[in-house]
**Student:** 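Pasting in a structure now, in C-alpha cells, and then I'll have a few things to ask.
Chain letters run A, B, ... following the sequence lines, proteins first, then strands; residues in each count from 1. This one's a predicted model, so the numbers in the text were calculated from it and none came from an experiment.
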Amino acid sequence: MGSSNDSNIPAAPSHFIRTLIDQDLAAGKNSGAVITRFPPEPNGYLHIGHAKSICLNFGLARDYAHAPGGARCHLRFDDTNPVKEEQEYIDAIKENLRWLGFDWGEHEYYASDYFDQLYAWALQLIDTGKAYVDDLSPEEIRAYRGTLTEPGRNSPYRDRPAAENRDLFERMKNGEFPDGFRVLRAKIDMASPNLNLRDPVMYRILHAEHHRTGSRWCIYPMYDFTHGQSDSLEGITHSICTLEFEDHRPLYDWFLDQLDIHHPRQIEFARLNINYAVMSKRKLLELVRDGHVDGWDDPRMLTLAGLRRRGFTPASIRAFCERIGVSKKSSCVDMGFLENCLREDLDSHAPRAMAVLDPLKVVITNYPKDQVEEFDAPIHPQRPELGTRKVPFSRELFIEREDFMEEPPNKFFRLAPGREVRLRCAYYVRCDEVIRDPQSGEITELRCCYDPESRGGSSPDGRKVKGTLHWVSAAHALDAEIRLYDRLFVVENPAADKAVDFTRHLNPQSLKVLRGCKVEPSLVAAAPESRYQFERQGYFCVDRYDSGSARLVFNRTVTLRDSWAKVEAKP
RNA sequence: UGGGGCGUCGCCAAGCGGUAAGGCACCGGAUUUUGAUUCCGGCAUACCCAGGUUCGAAUCCUGGCGCCCCAGCCA
C-alpha cells in the first residue's frame with residue numbers, strides 16, 4: 001500500500017487489519033465505507049485490554065474518515081444476559097470511553113434494542129425448519145454434544161414439526177415455562193468438527209429483570225445469535241474481535257446466510273496480555289468482590305478507572321495501544337513498556353515540584369535564624385516558557401532520608417559527613433554533624449553549613465558538586481499523604497497455573513501509604529487529578545476522591561527511571 | 001487422537017520471492033542545578049526445524065515440532 005519509497009518519513013504504523021480494509025476499499029466493497037464498532041458487555045469495568053480494542057476500532061474510524069463512503073465507529077452494548085449486566089457498568093463504560101478520548105456521537109446502540117427483530121428472525125428460522133425447541137436438560141445437551149474427537153448425537157426433539165416448534169417457542173416467550181426448561185436451537189450439524197455448529201442454543205428461558213427491557217422478556221437470545229445480526233443491522237463493514245471468536249465465524253455466517261442479510265467482514269486479532277497482571281473481567285471482579293483491592297478504580301488495577309485514579313494520562317494509554325501493534329500472535333507485553341509510554345507523556349507535560357517522602361531534618365547552622373528567601377524554580381526545565389514557581393528557603397529544612405549516608409559506598413554522591421551537595425535551585429551545603437537519638441541511635445538531624453556565594457545553586461569559583469538534592473523548608477512545607485503503588489502481582493503470569501488460585505500471587509507490598517510527607521507550599525491548591533513530577537522521585541497525581549484542602553493525598557503514578565538503583569543493586 | 005489459529009532479537013513488531021524496519025529493554029559514551037530528560041553509538045550472516053522449488057526464500061511447496069483457543073442454557 002505505502003506508495004512512498006521516495007519518502008524518508010518513517011512508515012506509518014500499520015497492521016494486517018488496515019491492509020485488509022485497504023484491499024476492501026480498493027475492491028470497492030461496502031460503497032467505500034468503513035464502519036466499525038466497540039461492543040462491550042456491561043458486566044464489568046473496561047480495562048487496558050479493552051483500550052486496545054477501543055483504540056483499534058475508533059482509530060480505524062478516524063484513519064478512514066476520508067474513505068469515499070465515510071467512516072465511523074459505533075458503541076454497542078451487547079446486553080443479552082440480564083443476570084450479569086447492570087446500568088452502573090454502562091455508565092462507567094461510557095465515562096471511561098470519553099475519558100480515553102473517544103466520541104461515538106449519535107451511534108450508541110444496545111443489542112437489547114434488537115430483541116424484537118431477533119425474535120422475529122428466530123421465528124423465521126423455525127418456520128423454515130432451521131431451528132427447533134429442545135426439551136433436553138443442560139446436562140443432556142452437553143452429553144449429546146459429543147467431545148472434541150467424537151461427533152455429537154441428534155436430540156430426540158430435533159425433528160419436531162415447525163408448527164410445534166413455533167407454538168412451544170411462543171409459549172417460552174409467554175412465560176409458560178420455568179428457567180432452563182427448554183431452549184431454542186439452530187439445526188445445523190451435530191457431527192461438525194466445529195463444536196459451535198453442533199446445534200447451538202439460540203434462546204434460553206431467563207425470568208430475569210433486564211436493565212433496559214425490564215420484565216418484558218423472559219427469553220433472551222444467546223450472544224452467538226445476537227452479535228452477528230446486530231453488526232449486520234448496524235451496517236458494520238468490519239467486525240473486529242478477538243481470536244477466540246474465530247471458531248464462531250462460521251456460525252455467524254450461517255445465521256446471516258439463512259436470514260439473507262448483510263455480512264460484515266469479521267477480522268480477529270490477539271487480545272492484550274501484560275505481565276504481572278491479570279486481564280480477565282472475571283478475575284478483576286474477583287479482586288474487587290473479595291476485597292483484595294479497594295474497588296474497580298483501585299490504582300493498582302489495570303482498569304481504565306484504576307489507571308485514571310493512578311494518574312495515567314489518556315494520551316499515554318493511546319500511545320501504548322498504538323505501539324504494541326495488532327497481530328494474530330498471542331503475546332504478552334512487558335509492564336515496563338506501558339510505564340515507558342506513561343513516563344514519556346508525563347515528562348513533557350508534568351510541572352515539577354519538590355516533595356520529601358521520608359523527611360530528615362537539616363539545620364543550616366550559619367543561616368540567619370529568621371531569614372526566609374524565595375527561590376524561583378522552573379516549572380519545567382526543558383520548557384522555560386512555562387515559567388517558575390516560588391520555593392521558600394529557611395534555616396530548617398527537610399531532605400530525603402535516603403539522600404544521606406554516614407558511610408557512603410563508592411559511587412554514592414549524595415550527602416555524607418564532610419561532603420558538599422547542592423540543594424536544588426538553592427545553595428551548596430556541607431554536612432558537619434550528625435545528631436542521633438541517644439536511645440535508638442536513629443539519625444534525627446543533620447547540621448550543615450551553606451555557602452552564601454552559591455545562591456541559586458552554582459558557585460562563582462566554579463567548583464562542582466556531584467549531587468543535587470530535593471528539599472523543602474520545614475516551616476513552610478505542607479503535610480501530605482503519599483501512596484506508593486507497585487505491581488499487584490509478584491509473578492509474571494499469575495493465571496498460568498490453573499491449579500493455583502491467582503490471588504496467591506498477590507504482591508503484599510503493592511500499596512504503601514506514607515503519612516507525614518513534606519511537600520512544597522506551591523502545592524496547596526493542587527487540583528484533583530493534577531499531575532506533578534516530584535523531582536528525583538517520580539510522577540504523582542492528586543487523588544481525585546481523598547485529597548482536599550484539609551488533607552493532601554498524592555498517588556504515585558510511576559517512578560522516574562532510576563539508574564542509581566541499578567548500580568546499587570549490583571553486588 | 002477432531003477443528004481453528006499462531007510461530008521473525010529478552011519483550012512487542014514490520015516484512016508478502018531480491019538479499020532482516022522500528023519501538024521497548026540492554027550495553028557503551030556525551031551533555032545535565034532532577035543519578036531524570038536529551039543526544040550519539042552498539043545490539044538477528046539471521047527469520048521453529050528438516051527437506052524441496054528458484055540465479056535468489058523469512059517470504060513458495062512438502063513433512064515435522066511447538067504454543068494458543070473450542071465440549072456455557074457466558075460473552
**Student:** Taking only the side-chain nitrogens and oxygens of A/Asn340, find out if one of them lies under 4.0 Å from OP1 or OP2 of B/A25.
**Tutor:** yes
**Student:** Counting only side-chain N and O atoms of A/Ser327, is one of them less than 4.0 Å from OP1 or OP2 of B/A13?
**Tutor:** yes
**Student:** Between A/Arg323 and B/A14, does any side-chain N or O lie under 4.0 Å from OP1 or OP2?
**Tutor:** no
**Student:** Just call it for A/Arg414: base, sugar-phosphate, or nothing, with non-hydrogen atoms closer than 4.0 Å on any strand.
**Tutor:** base
**Student:** Regarding A/Val183, tell me which of base, sugar-phosphate or nothing describes its non-hydrogen contacts under 4.0 Å with the strands shown.
**Tutor:** base
**Student:** Assign each of A/Ile324 and A/Ser563 to its nearest nucleotide of RNA chain B by heavy atoms, then name whichever residue's nucleotide is nearer the 5' end.
**Tutor:** A/Ile324
**Student:** With a 4.0 Å cut-off on heavy atoms, is A/Cys332 in touch with a base, just the backbone sugar-phosphate, or nothing at all?
**Tutor:** sugar-phosphate
**Student:** With heavy atoms under 4.0 Å as the rule, sort A/Phe412 into base, sugar-phosphate or nothing.
**Tutor:** base
**Student:** Can you figure out which of B/U34, B/G5, B/C70 approaches the side chain of A/Leu148 most closely?
**Tutor:** B/C70
**Student:** Tell me what A/Pro381 touches on the nucleic acid: a base, only sugar-phosphate, or nothing, going by heavy atoms under 4.0 Å.
**Tutor:** base
**Student:** Can you tell me if A/Asn43 and A/Glu41 form a side-chain donor-acceptor pair at under 3.5 Å?
**Tutor:** yes
**Student:** Under 4.0 Å, counting only non-hydrogen atoms across every strand here, what does A/Tyr203 touch: a base, just sugar-phosphate, or nothing?
**Tutor:** nothing
**Student:** With a 4.0 Å limit, can you tell me whether A/Lys566 has a side-chain N or O closer than that to the phosphate oxygens OP1/OP2 of B/C26?
**Tutor:** yes
**Student:** Quote, to the nearest angstrom, the P distance that separates B/G51 from B/U59.
**Tutor:** 14 Å
**Student:** Measure the spacing between OG of A/Ser192 and CZ of A/Arg145 and express it to the nearest 0.5 Å.
**Tutor:** 12.5 Å
**Student:** Select from A/Gly325 and A/Phe413 the residue whose nearest nucleotide in RNA chain B is closer to the 5' end of that strand.
**Tutor:** A/Gly325
**Student:** Now, which nucleotide makes the Watson-Crick or G-U wobble pair with B/A57, with each of the two distances under 3.5 Å?
**Tutor:** none
**Student:** Check whether any side-chain nitrogen or oxygen of A/Thr80 sits under 4.0 Å from OP1 or OP2 of B/A75, and answer yes or no.
**Tutor:** yes
**Student:** If B/C24 has a Watson-Crick or G-U wobble mate with both distances under 3.5 Å, name it; if not, just say none.
**Tutor:** B/G10
**Student:** Any side-chain N or O of A/Lys329 less than 4.0 Å from the OP1 or OP2 oxygen of B/G5?
**Tutor:** no
**Student:** Nearest of B/G3, B/G2, B/A75 to any side-chain atom of A/Glu41?
**Tutor:** B/A75
**Student:** Ignoring hydrogens and angles, does a donor from either the side chain of A/Asp247 or the base of B/G3 sit under 3.5 Å from an acceptor on the other?
**Tutor:** yes
**Student:** Once you apply a heavy-atom cut-off of 4.0 Å, does A/Gly336 come out as touching a base, just sugar-phosphate, or nothing?
**Tutor:** nothing
**Student:** Which part of the nucleic acid does A/Val326 contact within heavy-atom distance under 4.0 Å: base, sugar-phosphate only, or nothing?
**Tutor:** sugar-phosphate
**Student:** Say we look at B/C67 and B/A75: how far apart would their P atoms be, to the nearest angstrom?
**Tutor:** 31 Å
**Student:** Which nucleotide in the set B/U34, B/C68, B/G72 lies at the smallest distance from any side-chain heavy atom of A/Arg142?
**Tutor:** B/G72
**Student:** Measuring from the side chain of A/Thr147 (C-beta onward, heavy atoms only), which nucleotide among B/G23, B/A71, B/U34 has the closest atom?
**Tutor:** B/A71
**Student:** Charged N to carboxylate O under 4.0 angstrom, A/Lys328 versus A/Glu246?
**Tutor:** yes
**Student:** Indicate, with a heavy-atom threshold strictly under 4.0 Å, whether A/Thr468 touches base, sugar-phosphate, or nothing.
**Tutor:** sugar-phosphate
**Student:** State the pairing partner of B/C39; accept Watson-Crick or G-U wobble contacts with both distances under 3.5 Å, and report none otherwise.
**Tutor:** B/G29
**Student:** Which nucleotide sits closest to the side chain of A/Leu560: B/G4, B/A36, B/C73?
**Tutor:** B/A36
**Student:** Provide the distance between the two P atoms, one in B/C39 and one in B/U45, to the nearest whole Å.
**Tutor:** 28 Å
**Student:** Any base atoms under 4.0 Å from A/Lys411, or only sugar-phosphate, or nothing? Heavy atoms, all strands.
**Tutor:** base
**Student:** If the cut-off is 4.0 Å, is A/Arg204 near the phosphate of B/A75, judged by side-chain N/O to OP1 or OP2?
**Tutor:** yes
**Student:** With C1' as the reference atom in both, quote the distance from B/G42 to B/A25 in angstrom, rounded to an integer.
**Tutor:** 14 Å
**Student:** Quick one: are the ring centres of A/His211 and A/Tyr89 less than 6.0 Å apart?
**Tutor:** no
**Student:** So what does A/Met222 touch, heavy atoms closer than 4.0 Å: a base, only the sugar-phosphate, or nothing?
**Tutor:** sugar-phosphate
**Student:** Can A/Glu520 and A/Arg389 be counted as an ion pair, charged N to O under 4.0 angstrom?
**Tutor:** yes
**Student:** Side chain of A/His248 only, please: which of B/G5, B/A75, B/C73 is the nearest?
**Tutor:** B/A75
**Student:** What's the closest nucleotide to the A/Glu246 side chain, out of B/G4, B/G2, B/A75?
**Tutor:** B/G4
**Student:** Once you apply a heavy-atom cut-off of 4.0 Å, does A/Arg352 come out as touching a base, just sugar-phosphate, or nothing?
**Tutor:** base
**Student:** Report the glycosidic orientation of B/G72: syn if within 90° of 0, anti in every other case.
**Tutor:** syn
**Student:** Would you mind classifying the nucleic acid contact of A/Ser458 as base, sugar-phosphate or nothing, using non-hydrogen atoms under 4.0 angstrom?
**Tutor:** base
**Student:** Let me confirm one number: the CG-NE2 distance from A/Asp224 to A/His227, rounded to the nearest 0.5 Å.
**Tutor:** 9.5 Å
**Student:** Between A/Asp199 and A/Arg158, does any side-chain N to carboxylate O distance fall below 4.0 Å?
**Tutor:** yes
**Student:** Any strand counts, and the cut-off is 3.5 Å on both contacts for Watson-Crick or G-U wobble. Which nucleotide pairs with B/U34?
**Tutor:** none
**Student:** Determine the interatomic distance between C1' on B/A50 and the same-named atom on B/G23; round to the nearest Å.
**Tutor:** 34 Å
**Student:** On the nucleotide B/G72, are OP1 or OP2 found under 4.0 Å from the side-chain N or O atoms that A/Arg145 carries?
**Tutor:** yes
**Student:** Considering only heavy atoms and no angle criterion, is a donor-acceptor pair shorter than 3.5 Å present between the side chain of A/Gln537 and the base of B/U34?
**Tutor:** no
**Student:** Looking only at the side chain of A/Ile141 (C-beta and beyond, no hydrogens), which of the listed nucleotides B/C70, B/A14, B/C73 gets closest?
**Tutor:** B/C73
**Student:** How is A/Ile274 classified with respect to the nucleic acid when contacts are heavy atoms under 4.0 Å: base, sugar-phosphate, or nothing?
**Tutor:** nothing
**Student:** Would A/Asp134 and A/Arg160 count as a salt bridge (charged side-chain N to carboxylate O under 4.0 Å, His left out) if you check the C-alpha gap in whole Å, the side-chain angles of each, and the deciding distance to 0.1 Å?
**Tutor:** CA-CA 9 Å; A/Asp134 198 349; A/Arg160 277 216 256 238; 5.7 Å; no
**Student:** Just verifying a value: how many Å separate A/Phe337 CZ and A/Phe320 CZ, rounded to the nearest 0.5 Å?
**Tutor:** 7.0 Å
**Student:** Using a distance-only criterion (donor-acceptor N/O pair, under 3.5 Å, no hydrogens), is the base of B/A71 paired with the side chain of A/Glu150?
**Tutor:** no
